[in-house]
Amino acid sequence: MNITHPYVAWESREVPTLKQQLPNDFENVLKKMYEIRFFEDEVQDLYSAGLVRGSTHLYQGQEAVSVGAISALRAEDTMTCTYRSHGATIAKGAQIDACFAELLGRAGGLCNGKGGSMHFTDASIGALGSNAIVGGHLPIANGAALAAKFLGTGKVSVCFFGDGATNIGAFHESLNLASLWKLPVIFVVENNQYGEYSPVKSTTSGEKIVDRALGYAMYGVQVDGNDVVSMSAIVADAADRARRGDGPTLIEAVTYRHSGHSRADLAAYRPEGELDEWMKRDPILLLENAIKEFNPDGAAIIERIKENARTEVNEAKNRAVSWPEPDLSELYTDVMD
Amino acid sequence: MNITHPYVAWESREVPTLKQQLPNDFENVLKKMYEIRFFEDEVQDLYSAGLVRGSTHLYQGQEAVSVGAISALRAEDTMTCTYRSHGATIAKGAQIDACFAELLGRAGGLCNGKGGSMHFTDASIGALGSNAIVGGHLPIANGAALAAKFLGTGKVSVCFFGDGATNIGAFHESLNLASLWKLPVIFVVENNQYGEYSPVKSTTSGEKIVDRALGYAMYGVQVDGNDVVSMSAIVADAADRARRGDGPTLIEAVTYRHSGHSRADLAAYRPEGELDEWMKRDPILLLENAIKEFNPDGAAIIERIKENARTEVNEAKNRAVSWPEPDLSELYTDVMD
Amino acid sequence: MAEEQMNFRKSIPAAIAAEMRLNPNIILLGEDVGAAGGVFKTSLGLFEEFGPERVLDTPISEQAIIGAAIGSAAQGLRPIAELMFADFAGVTFDQIANQLAKYRYMSAGQYKLPVTVRLANGVGGGFAAQHSQSAENWFLNIPGLKIVTPSTPNDMYGLLRSAIVDDNPVLVFEHKGLFNVKGDISNERIPLGVAQVVTRGTDLTIVATQLMRHRSVEAAEILNSRGISVEVIDPRTLVPFDDATIRESLSNTSRLLVVQEGPAGGSWGSDLITRTMSDSWSLFDAPPRLISSPSTPVPYAANLENAWLPSVDKIVHAATELTSY
Amino acid sequence: MAEEQMNFRKSIPAAIAAEMRLNPNIILLGEDVGAAGGVFKTSLGLFEEFGPERVLDTPISEQAIIGAAIGSAAQGLRPIAELMFADFAGVTFDQIANQLAKYRYMSAGQYKLPVTVRLANGVGGGFAAQHSQSAENWFLNIPGLKIVTPSTPNDMYGLLRSAIVDDNPVLVFEHKGLFNVKGDISNERIPLGVAQVVTRGTDLTIVATQLMRHRSVEAAEILNSRGISVEVIDPRTLVPFDDATIRESLSNTSRLLVVQEGPAGGSWGSDLITRTMSDSWSLFDAPPRLISSPSTPVPYAANLENAWLPSVDKIVHAATELTSY
Ligand SMILES: Cc1ncc(C[n+]2csc(CCOP(=O)(O)OP(=O)(O)O)c2C)c(N)n1
Ligand SMILES: Cc1ncc(C[n+]2csc(CCOP(=O)(O)OP(=O)(O)O)c2C)c(N)n1
Ligand SMILES: [Mg+2]
Ligand SMILES: [Mg+2]
């Protein structure tokens with residue numbers, strides 16, 4: 001069924017794709033995507049080796065969403081995200097060794113080891129926080145946008161969350177308020193097809209997630225989340241609108257997570273062959289194909305960037321592993337004055 | 001702006017109105033509406049006399065919504081509503097003296113005086129409860145519908161709430177789940193133009209409240225809530241759909257509350273003349289006009305019904321006022337076994 | 001500054017206005033706090049003075065309200081969020097307990113959240129089970145929140161001002177039963193975490209907040225007239241709690257009676273007795289005693305609601321028993 | 001029935017299945033409880049045995065989950081709602097505290113709600129601040145809810161069965177740190193509200209639940225070897241609480257140590273000490289003592305999280321001090 005939805009740009013606007021152009025700064029974009037990919041690969045190993053505790057939620061396959069989005073934003077813009085946030089936090093510019101250290105529970109971690117995998121936060125780069133409560137950060141993203149508007153800083157607040165989060169109350173309250181107050185916020189649903197072990201259709205009514213924008217008279221766009229150029233273009237539009245005072249946008253980025261939901265989840269619930277299909281649309285692969293297509297030296301450039309990223313991530317991990325545990329006094333600090 | 005919304009019946013279906021026909025059982029319908037009207041008038045007096053404590057939220061002006069809705073349902077269907085629930089509870093069939101007694105905090109009240117104005121509940125007629133938390137009963141309405149579906153009772157769960165409630169998280173979670181599970185539930189938004197002192201537009205994004213149905217792929221209808229024939233017809237449709245297993249409906253009943261939000265609120269925030277305009281569309285007036293139009297003895301019938309209702313309400317009040325306070329032991333009962 | 005008579009209700013907007021005048025980044029948000037001046041009229045005049053950008057009317061979306069406060073506080077504002085009836089904290093418990101309270105700790109201090117949350121709590125004359133709770137007790141087990149429970153117009157005024165300028169999340173509970181209480185206002189901030197010795201006495205220490213503080217003072221007068229000398233202490237802040245003042249009093253009286261609105265389970269009164277017993281065991285000459293409401297929801301009917309609230313009589317009776325132990 | 005060895009995790013679906021077989025109106029609902037068998041594998045096999053109509057996977061909508069349980073219970077079903085991590089009770093606190101708990105009272109008993117809510121609580125090895133709380137303490141001040149905190153596979157099994165057949169709302173807390181603990185299962189219901197005396201002793205009474213019960217037993221062994229005879233009591237149910245068993249023990253030992261995971265404020269341990277002191281003052285020969293976690297959120301790093309949890313050492317130390325008082 002085709003819904004005529006005046007707020008959905010998807011049907012009415014040409015969205016640029018990797019088939020047509022490379023990202024402006026494609027080398028950096030690829031590098032970030034590789035950093036995230038390798039970071040997450042290492043995390044899986046560290047987890048298996050028993051060095052990462054609790055839960056981890058990996059981001060392989062979704063790199064184009066946050067890397068694309070953040071490439072369209074300014075350094076001072078703020079970001080909130082979920083427990084599946086290693087990717088976005090690195091994309092925003094966090095030091096990779098500090099990310100590893102956080103996962104390892106070490107001093108020098110983003111949060112001195114007090115937050116862990118689900119709470120990556122880096123105030124220095126506007127990474128306001130990762131949230132382990134599904135939907136818990138959407139209201140907070142509004143708050144950051146409210147401050148930007150009030151103080152006239154021109155900052156935009158970007159908020160990443162999953163398809164599953166669109167069914168929780170906080171989602172609804174946040175979208176309504178953002179629309180009503182025309183807050184400079186960009187809601188990016190990373191529709192990776194599953195919330196935990198449940199396919200999105202089994203938990204989420206409506207034809208498309210982005211249709212929910214209509215109820216709030218909010219701009220809504222569905223976009224190929226594996227295409228970093230599309231992601232970037234759509235977010236650039238949304239950021240312009242936000243900075244102009246025209247309010248929020250709901251972006252449904254259609255993507256896929258390569259691994260299971262968390263930790264040891266082998267994702268047995270996925271239909272046979274589904275992963276294979278999506279691997280053909282791996283965001284890194286798509287970007288590399290485009291680079292090779294548009295650039296005669298593509299293959300060599302890719303190789304160099306990839307190796308650089310691999311080395312950097314590896315060195316960052318080695319540094320972090322050598323750092324000490326937080327001092328026991330850290331247990332008691334940062335509660336209240 | 002005209003939204004093409006495939007789920008909204010409003011534009012695509014002829015809704016019968018009082019201009020075209022009377023309700024089948026128009027005498028009883030008018031009687032109920034008068035009972036509610038006189039009941040609420042008395043409550044205002046009792047409140048002013050200091051006999052009703054806490055808060056009261058009156059229903060004058062909205063009578064056609066619940067009377068119309070319930071006239072289309074079966075006695076065994078269940079109902080949940082808000083603190084503004086005297087009307088719906090009487091419409092569903094509660095004893096008027098027991099309603100007064102509840103407000104007065106007397107033994108013999110619907111809830112033995114333990115619930116008060118905001119918690120009218122009468123299990124004997126399927127009035128599952130009134131809720132003082134905005135939106136708190138929507139998830140519960142789903143539960144009643146789930147039981148009906150599971151047990152195959154064929155019961156429908158009707159849920160009344162205000163325009164303001166459409167902005168709270170529980171609304172969203174409930175509509176999604178109801179749609180997903182095709183629960184036999186009818187969500188009736190009584191859009192009386194205000195949530196407390198705030199006009200609906202100042203708190204509620206979107207062109208129309210009913211547009212929100214689209215995000216859940218739910219049937220949605222906007223209807224004249226002051227026209228008891230329209231209300232009844234739309235709810236009859238929704239109930240059919242629910243009983244057939246086709247799931248929930250969101251009905252936006254456009255109406256108006258004659259008095260302030262609660263207690264001593266004089267509604268100074270209303271634009272001059274607004275109440276007067278709506279008084280011309282008073283649901284009782286509209287029904288009476290139709291009765292006179294379609295029935296040669298209309299005026300006499302109306303007079304008889306009105307006087308009957310007035311007497312019954314008055315006698316009910318007099319009975320209730322004479323009943324004793326609940327026994328002090330009631331304080332401790334009904335907590336847990 | 002000159003003292004003036006003011007009622008509890010009016011002391012609230014007065015305190016907010018005083019701080020808003022000093023700091024342009026203080027905002028107030030909540031349902032009908034603006035144009036209407038608040039459902040309890042506790043923000044009357046603020047909208048007129050500070051305008052719609054600093055006094056924001058919100059939809060009925062308590063999660064969005066607290067979230068807006070958190071995010072804007074992290075970005076330089078100093079928001080005051082009103083939740084109207086404290087019971088509504090239930091629909092935004094996650095935002096308060098899991099987000100607001102833990103934000104600073106989880107980020108290892110990268111963000112401090114100077115957020116004030118205002119809630120109208122307690123029994124207010126027939127509001128029944130979902131509008132009458134002593135919700136301050138819901139947050140005692142959640143580290144990271146200061147909790148303020150003023151009893152007089154002056155405390156309301158001075159503590160609210162301190163809450164607003166505090167760099168931590170502070171929950172301020174405004175008791176519905178006290179809105180019309182009158183008193184002098186000294187127009188100054190009162191530090192959080194400092195108890196007030198309301199009446200001096202030597203036979204028994206009574207600790208009570210809000211409505212129960214007033215009933216305890218009444219009881220103390222009756223007891224005094226019967227030769228029992230009672231020290232009534234109002235902690236004013238539950239977190240941090242001024243244990244030292246209680247201990248000092250106990251070292252004179254050796255007897256502790258805590259009077260509280262609300263059930264005993266998981267309550268501040270229960271905490272106080274446990275702490276004091278564990279730390280100051282030797283000070284006691286009699287068992288400590290907690291007077292609380294029964295373990296039931298709040299009923300509507302006048303006679304039941306009255307019976308639910310600890311009465312002056314009950315306090316007098318328990319105090320008499322305790323002192324004759 | 002024959003006893004069998006089973007771990008804590010598996011005792012949960014075993015208990016649910018046992019009751020579901022007896023009553024066709026019992027349903028289970030929650031996120032991924034069905035096809036996936038639960039994120040903790042605590043509903044493994046139920047979907048296969050009872051099908052999608054009785055084992056329902058829900059969206060991530062905790063308010064909708066509890067509401068569905070309430071409404072369906074009012075209409076004749078006997079729902080078991082799973083909230084996964086107990087911390088998520090925050091997003092549905094209203095439905096639990098303001099709706100589920102008060103429904104019966106507000107309606108003067110017209111509706112009873114036989115709802116079981118299952119929550120995975122406590123520290124589980126690095127889940128950090130929003131996934132590690134002892135949320136049982138959040139509900140102590142809310143009359144109308146039974147609260148169950150099992151420590152062994154047999155208690156888990158037997159208490160969960162009783163919770164399911166109970167006519168009241170019951171919150172059952174399944175401790176993440178105990179999922180792999182093994183033990184005998186007697187395949188029978190265990191009544192709610194009855195404490196278990198785990199070890200007999202004469203010098204000191206230790207009261208502890210869940211993970212802390214196990215640490216207390218360890219501590220008791222060490223203390224025994226040093227000549228201190230410890231009675232460890234596991235209340236198993238926090239509401240209703242079996243005060244009589246504690247009092248009986250105290251009448252022998254005269255010394256009370258409560259050990260609890262989670263901060264002291266608004267906690268069951270604090271309540272227990274206050275009640276016992278007030279009611280059984282004369283039984284005490286030494287001040288009561290509460291060992292709890294510090295008043296901080298739960299940190300992630302292994303060394304910090306370990307330090308946050310009361311250790312066997314700390315218990316031994318406090319017990320030694322108390323007995324030499
Ligand atoms: C309020 C709440 N309910 C449940 C959970 C458990 N949980 C963690 S992640 C998750 C799935 C979320 O799915 P989605 O939003 O699609 O994000 P994804 O994990 O796919 O990135 C669930 C149910 C939670 N953390 N918070
Ligand atoms: C969760 C919650 N927030 C706020 C309130 C206070 N309150 C009571 S009624 C009301 C307005 C509701 O407006 P609407 O839904 O339009 O219903 P109406 O009163 O117009 O019938 C508000 C804000 C409440 N009871 N519950
Ligand atoms: Mg997902
Ligand atoms: Mg309204």
Side-chain angles (χ1 to χ4, degrees), chain B residues 78 80 102 107 109-116 118-124 126-133 135-151 153 155 157 159 168-178 180-181 183 185 326 330 333-337, chain D residues 24-27 29 52-54 56-79 81 91-92 94-95 97-115 142-146 166-170 192-193 239-240:
Chain B
T78 59
T80 47
E102 190 57 32
L110 289 176
C111 308
N112 262 341
K114 288 163 92 160
M118 303 201 280
H119 300 297
F120 276 26
T121 306
D122 188 344
S124 71
L128 251 73
S130 306
N131 216 298
I133 303 293
H137 58 301
L138 278 75
I140 299 172
N142 275 347
L146 175 64
K149 193 178 172 184
F150 184 90
L151 298 169
T153 59
K155 288 189 202 175
S157 166
C159 178
I168 201 157
F171 165 86
H172 177 67
E173 296 191 8
S174 303
L175 267 72
N176 180 55
L177 191 75
L180 207 62
W181 288 1
L183 296 177
V185 55
E330 284 282 327
T333 56
D334 305 320
V335 183
M336 291 201 290
D337 304 316
Chain D
N25 289 343
I26 297 173
I27 60 168
L29 73 169
E53 270 167 28
R54 295 185 64 193
L56 296 94
D57 280 327
T58 69
I60 309 173
S61 308
E62 282 81 4
Q63 298 190 68
I65 293 170
I66 301 298
I70 294 172
S72 63
Q75 289 295 295
L77 302 195
R78 198 171 269 278
V91 296
T92 185
D94 174 69
Q95 286 292 318
N98 288 335
Q99 312 297 343
L100 179 61
K102 298 178 172 46
Y103 210 102
R104 180 170 170 181
Y105 193 80
M106 296 190 305
S107 72
Q110 292 181 73
Y111 290 104
K112 290 188 183 186
L113 299 181
V115 171
I142 311 290
L145 303 167
K146 295 191 178 177
D166 200 285
D167 278 344
N168 304 284
V170 185
L192 306 185
V239 181

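Just so it is clear: chains get the letters A, B, ... in the order the sequence lines come, proteins before strands, and each one is counted from 1.
For Leu180(B), the part sitting under 4.5 Å from any heavy atom of chain D is the side chain, from C-beta outward, and nothing else. When heavy atoms are compared at a cutoff of 4.5 Å, Pro24(D) approaches chain B solely by way of its backbone atoms N, CA, C and O. Only the side chain of Asn131(B) comes within contact range of chain D, judged by heavy atoms closer than 4.5 Å. With a threshold of 4.5 angstrom between heavy atoms, Lys155(B) approaches chain D through side-chain atoms but not through N, CA, C or O. Only the side chain of Val239(D) comes within less than 4.5 Å of a heavy atom in chain B; its backbone stays farther off. In this structure, no portion of Ile65(D) lies under 4.5 Å from any heavy atom of chain B. Contacts of Leu29(D) with chain B are made by side-chain atoms alone, with heavy-atom separations under 4.5 Å and no backbone atom involved. Only the side chain of Leu151(B) comes within less than 4.5 Å of a heavy atom of chain D; its backbone N, CA, C and O stay farther away. The part of Thr333(B) that comes within reach of chain D is its backbone (N, CA, C, O), which places non-hydrogen atoms under 4.5 angstrom from that chain. At a 4.5 Å heavy-atom cutoff, the contact between Asn25(D) and chain B is made by backbone and side-chain atoms alike. Residue contact with chain B, scored on non-hydrogen atoms closer than 4.5 Å, involves the side chain of Lys112(D) exclusively. There is no contact between Thr92(D) and chain B, counting heavy-atom distances below 4.5 Å. Asn176(B) touches chain D through its side chain: at least one heavy atom from C-beta onward sits under 4.5 Å away, while N, CA, C and O do not. Interface residue Gln95(D): only side-chain heavy atoms are found under 4.5 Å from chain B.
Contact count against chain D (heavy-atom pairs under 4.5 Å) is highest for Gly143(B) among Ser124(B), Gly109(B), Gly143(B). Looking only at heavy-atom pairs under 4.5 Å with chain D, the residue among Gly115(B), Ser157(B), Gly136(B), Ser174(B) that has the most is Gly136(B). When Val335(B), Ile140(B), Leu110(B) are compared by the number of non-hydrogen pairs under 4.5 Å with chain D, Ile140(B) comes out ahead. Chosen from Gln63(D), Arg54(D), Glu62(D), the residue pairing most often with chain B at heavy-atom distances under 4.5 Å is Gln63(D). Among the candidates Ile60(D), Ile66(D), Leu145(D), Val91(D), the residue making the largest number of heavy-atom pairs closer than 4.5 Å to chain B is Leu145(D). Taking chain B as the reference chain and counting heavy-atom pairs below 4.5 Å, the highest number among Ala74(D), Gly109(D), Gly71(D) is found for Gly71(D).
The minimum heavy-atom distance between Asn112(B) and Glu102(B), with the atom names listed, is N-OE1, 3.3 Å. In terms of heavy atoms, Leu138(B) sits closest to Leu175(B) at CD2-CD1, 4.2 Å. Taking each heavy atom of Val115(D) and Ala69(D) in turn, the nearest pair found is CG2-O, 3.6 Å. Nearest heavy atom pair, residue Ala170(B) against residue Gly135(B), reads CB-O, 3.4 Å.
For the pair His137(B) and Cys159(B), the minimum side-chain heavy-atom distance is below 4.5 Å. For the pair Ser107(D)/His119(B), no side-chain contact is recorded, criterion being any heavy-atom separation below 4.5 Å from C-beta on. Side chains of Leu56(D) and Leu146(B) form a contact here, defined as non-hydrogen atoms less than 4.5 Å apart. Side-chain contact between Thr121(B) and Met106(D) is absent, with no heavy-atom pair separated by less than 4.5 Å. Gln110(D) is not listed as a side-chain neighbour of Asp334(B), based on a closest heavy-atom distance of 4.5 Å or more.
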- Query: For Arg104(D) and Asp337(B), what are the C-alpha separation, side-chain angles and deciding distance, and is it a side-chain contact (heavy atoms from CB on, under 4.5 Å)?
  - Reply: CA-CA 11 Å; Arg104(D) 180 170 170 181; Asp337(B) 304 316; 2.8 Å; yes
- Where do Tyr111(D) and Gln75(D) land on the side-chain contact (heavy atoms from CB on, under 4.5 Å) test, with the steps shown first? CA-CA 9 Å; Tyr111(D) 290 104; Gln75(D) 289 295 295; 4.3 Å; yes
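Ion pairing of Arg78(D) with Asp167(D) is present here, as a side-chain N (NZ or NE/NH1/NH2) and a carboxylate O approach within less than 4.0 Å.
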